[in-house]
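A quick write-up on the structure given underneath.
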Amino acid sequence: MPNVIPAGADLNDPLYYLSNARTLINWVRERHGDLLTQTELYRLDCFDSLPEQAQALLIRMVMRRGELFRSDQLQYAELSAPLPLLRLLADAGFVLLDPALTVEELASLLCKSELWQVCHRLNPDAPPSKQSRKHDLVTWITQTDHGARTLEDWLPDAGFDAVSLEVSPLMQRLQLMFFGNLHQDWSAFVVTELGHQLYEPVPLDSASRAFHQRSDVDLYLALHTLQQRLEQGEPLNDILTELPACGSTPWLENRRRKLMFALGQAFERAGQLSQARTLYAQNPHREARIRQLRLMERMDLPEATFEAASASLEAIQQPEARLRIHRIRVRSARKAGISIEPPRQPVISTHRLSLPLEANESVEQAVIAHLATQGIQAFHVENRLFTGLFALLYWPAIFAPVPGAFFHPFQAGPADLYRPEFQASRQALIDACTAQLETGGYRATILARLAQKQNIRCHLIHWPSLTEERVNACLTLVPAEHLKQVFLHMMKDLRYHRRGLPDLICFDWQARRYQLIEVKGPGDRLQDHQRLWLECFQAQGIPASVYQIQHEQTE
DNA sequence: CCGCGGTGGG
DNA sequence: TTCACACAGTCCT
DNA sequence: GACTGTGTGTCTCCCACCGCGGGA
Ligand SMILES: [Mn+2]
Ligand SMILES: [Mn+2]
């Protein structure tokens, strides 16, 4: 399997960013060429045939925030004057010179004093105060004259030109096809080249790619725009009518369901409960099932809610969701006068403790200080220690070149890390790592990887929390059998079981024992996933308990 | 005048 | 800028 | 007791710079 990881451009090259952009574009053309239209391929060819300096300026704009720029802020030491380059780009249709601007767009381009000049031109006799806030100037202009005009119209003597980028959709599509997401961007190249981010090298063959059908890319992009429109507060019914149909792969369909769920919640907040219910009803996503039951509980007869909750319990395996549905079932049964078997709820071992709580110090720190007086070493680690140890032990499985899991050089984990098939796709590797907990090899493995893999990005590792001291302490005082039980439980559902681990891990070096403590201050209570972990610990004989802290009565 | 949040850049 | 956690306010029994 | 919404840190690099807005 040829390793075709592209080298980031040499940063001594003044056009290093253009070189990186070409790497990305060519990568997508080679692997995803069949997912691009003839028009898109033609535009990329046009880009190639532009003079190098014009290409570079375009990439500078693509990498910057927004789609509107002023020519005086496009001056780069490594490039010639922007205007002639911009004209080349405009001739090729990549940018638009002097575009029509809304008032908001105008304001994003101008600084406050320039914006005041615009006001002054509109009404020289009664301009607003120069002390007005920028946003007030915007509203002032809107009230006086709202209409999109070009910068030439708004402020002819501005002293610079406005330019808009006309290739964002294509560039966003390329970015998505390369990274498989839209939160990583071009800066990944330079940040990696600088050594600020490290990534595990995973062999990629030329068939590795994030998408396999153009319609999948389209769906991802459509969902993303709808998501943004939802966040911006657009009318919910507009978004509802544009919801795309079912996705072709489970992970895309899951993204669609998450958006449907978010839209349903927005309807709920807006008081449009029937719209919300319709959305939830079509949505098999766990969260949606629960919200639907909650709405039924509020709106329907308790008998109906009881039946629906009972049916959901048959279908849903995820323990946290089951816990919430179970409570709904119990409540509606009581309301409907249905008698059901009382739930078995294990009692969680709880200790009450009075401590002097300082205002500027967390309650967890107070407990750590208290334990220190008893010669016990405690760390506030929450999820970060066990998930980190898990990742160190199972590293070869996590970063195994499973087909489809890795498709670009900047991944902090496989694409399917939180998907149900993760375990099955790597079973042999996982078993080999687990076996080390039985043969005893795990200690050396984990310590070696802690050193070897230091600072390599991994979704399950928070490096600052994973100090050698803590790892050593864990490997010394936590029995292998306990680690195994914890890891097997995490493996069942990495997405949900990486949350809810107790606040503190405590090491008693005299007694050579350890324990886990979930700290609860006054007015804080166990969350469902925290309770589930504590139940798991108790069932496995792992020492874990809740410390309920009260303010110490002074005198 | 200065703190800040946002942005650009390697 | 998401995500996990804590915390505060509300309703209900 | 349970549900809900909100606040907080944040550890997706890290430094320099700029404009805004407010109060030293
Ligand atoms: Mn905590
Ligand atoms: Mn806690």
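The analysis underlying the following values was restricted to heavy atoms, covering all of them including side chains, and did not include hydrogens, waters or symmetry mates.
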- [ ] In whole angstrom, give me the gap between the P atoms of C/dT1 and B/dT7.
- [x] 9 Å
Open item on the list: Would you measure the distance from the P atom in B/dG6 across to the matching atom in C/dT2 and give it in whole Å?
Closed with: 14 Å
Report all interatomic pairs (protein N or O, nucleotide N or O of nucleotides 15-20 of chain D) with separations under 3.5 Å.
from: D/dC20; atom 1: OP1; to: A/Lys112; atom 2: N; distance (Å): 2.5

Open item on the list: So A/Glu518, base contact, sugar-phosphate only, or nothing? Heavy-atom distance under 4.0 Å.
Closed with: sugar-phosphate
TODO: Name the nucleic acid region contacted by A/Leu194, choosing base, sugar-phosphate or nothing; use a 4.0 angstrom heavy-atom cut-off, strictly under.
DONE: base
- [ ] Report yes or no: does A/Trp533 contribute a side-chain atom to a donor-acceptor pair with the main-chain N or O of A/Arg498 at less than 3.5 Å?
- [x] no
Task: Aromatic A/Tyr280 / basic A/Arg289 pairing, under 6.0 angstrom, 45° off normal - done: no
Considering only nitrogen or oxygen atoms on both sides, find all protein atoms under 3.5 Å from nucleotides 1-4 of chain C and state each distance.
from: C/dA4; atom 1: OP1; to: A/Arg498; atom 2: NH2; distance (Å): 2.6
from: C/dA4; atom 1: O3'; to: A/Asn383; atom 2: ND2; distance (Å): 3.1

Checking [Y] against [X]: is there a side-chain donor and acceptor pair closer than 3.5 Å?
{"X": "A/Ser164", "Y": "A/Glu166", "answer": "yes"}
{"X": "A/Lys520", "Y": "A/Gln530", "answer": "yes"}
{"X": "A/Ser80", "Y": "A/Gln53", "answer": "yes"}

Open item on the list: Given B/dG9, D/dC13, C/dA6, identify the nucleotide with an atom nearest to the side chain of A/Glu364.
Closed with: C/dA6
TODO: Name the closest nucleotide to the A/Asp503 side chain, picking from B/dG8, D/dC13, C/dC5.
DONE: C/dC5
Open item on the list: Pairs counted only when both distances fall under 3.5 Å, Watson-Crick or G-U: show me the 5' to 3' dot-bracket for DNA chain D, [ ] for pseudoknotted crossings and | for other-strand partners.
Closed with: |||||||||...||||||||||..
Open item on the list: Less than 4.0 angstrom from a charged side-chain N to a carboxylate O is my criterion; do A/Arg327 and A/Asp528 meet it?
Closed with: yes
Within the sub-3.5 Å range, which N or O atoms of nucleotides 10-13 of chain C have a protein N or O partner, and how far apart are they?
none

TODO: Only counting residues at least two apart or in another chain, list the ones meeting salt bridge (charged side-chain N to carboxylate O under 4.0 Å, His left out) with A/Glu105.
DONE: none
Open item on the list: Is there a side-chain contact between A/Ile398 and A/Pro414 in this structure, where contact means two heavy atoms from C-beta onward sitting under 4.5 Å apart?
Closed with: yes
Task: CZ-CZ distance between A/Arg531 and A/Arg525, expressed to the nearest 0.5 angstrom - done: 9.5 Å
Pairs: protein N or O with nucleotides 2-8 of chain D N or O, under 3.5 Å:
from: D/dA2; atom 1: OP2; to: A/Arg525; atom 2: NH2; distance (Å): 3.3
from: D/dA2; atom 1: O3'; to: A/Arg331; atom 2: NH1; distance (Å): 3.0
from: D/dC3; atom 1: OP1; to: A/Arg331; atom 2: NH1; distance (Å): 3.0
from: D/dC3; atom 1: OP1; to: A/Arg331; atom 2: NH2; distance (Å): 3.2
from: D/dC3; atom 1: OP2; to: A/Arg327; atom 2: NE; distance (Å): 2.9
from: D/dC3; atom 1: OP2; to: A/Arg327; atom 2: NH2; distance (Å): 3.0
from: D/dC3; atom 1: O3'; to: A/Arg294; atom 2: NE; distance (Å): 3.4
from: D/dC3; atom 1: O3'; to: A/Arg294; atom 2: NH2; distance (Å): 3.2
from: D/dT4; atom 1: OP1; to: A/Arg291; atom 2: NH1; distance (Å): 2.8
from: D/dT4; atom 1: OP1; to: A/Arg291; atom 2: NH2; distance (Å): 3.2
from: D/dT4; atom 1: OP1; to: A/Arg294; atom 2: NE; distance (Å): 3.2
from: D/dT4; atom 1: OP1; to: A/Arg294; atom 2: NH2; distance (Å): 3.4
from: D/dT4; atom 1: OP2; to: A/Arg291; atom 2: NH1; distance (Å): 2.9

TODO: Would you state whether a donor and an acceptor, one from the side chain of A/Arg457 and one from the base of D/dT12, lie under 3.5 Å apart?
DONE: yes
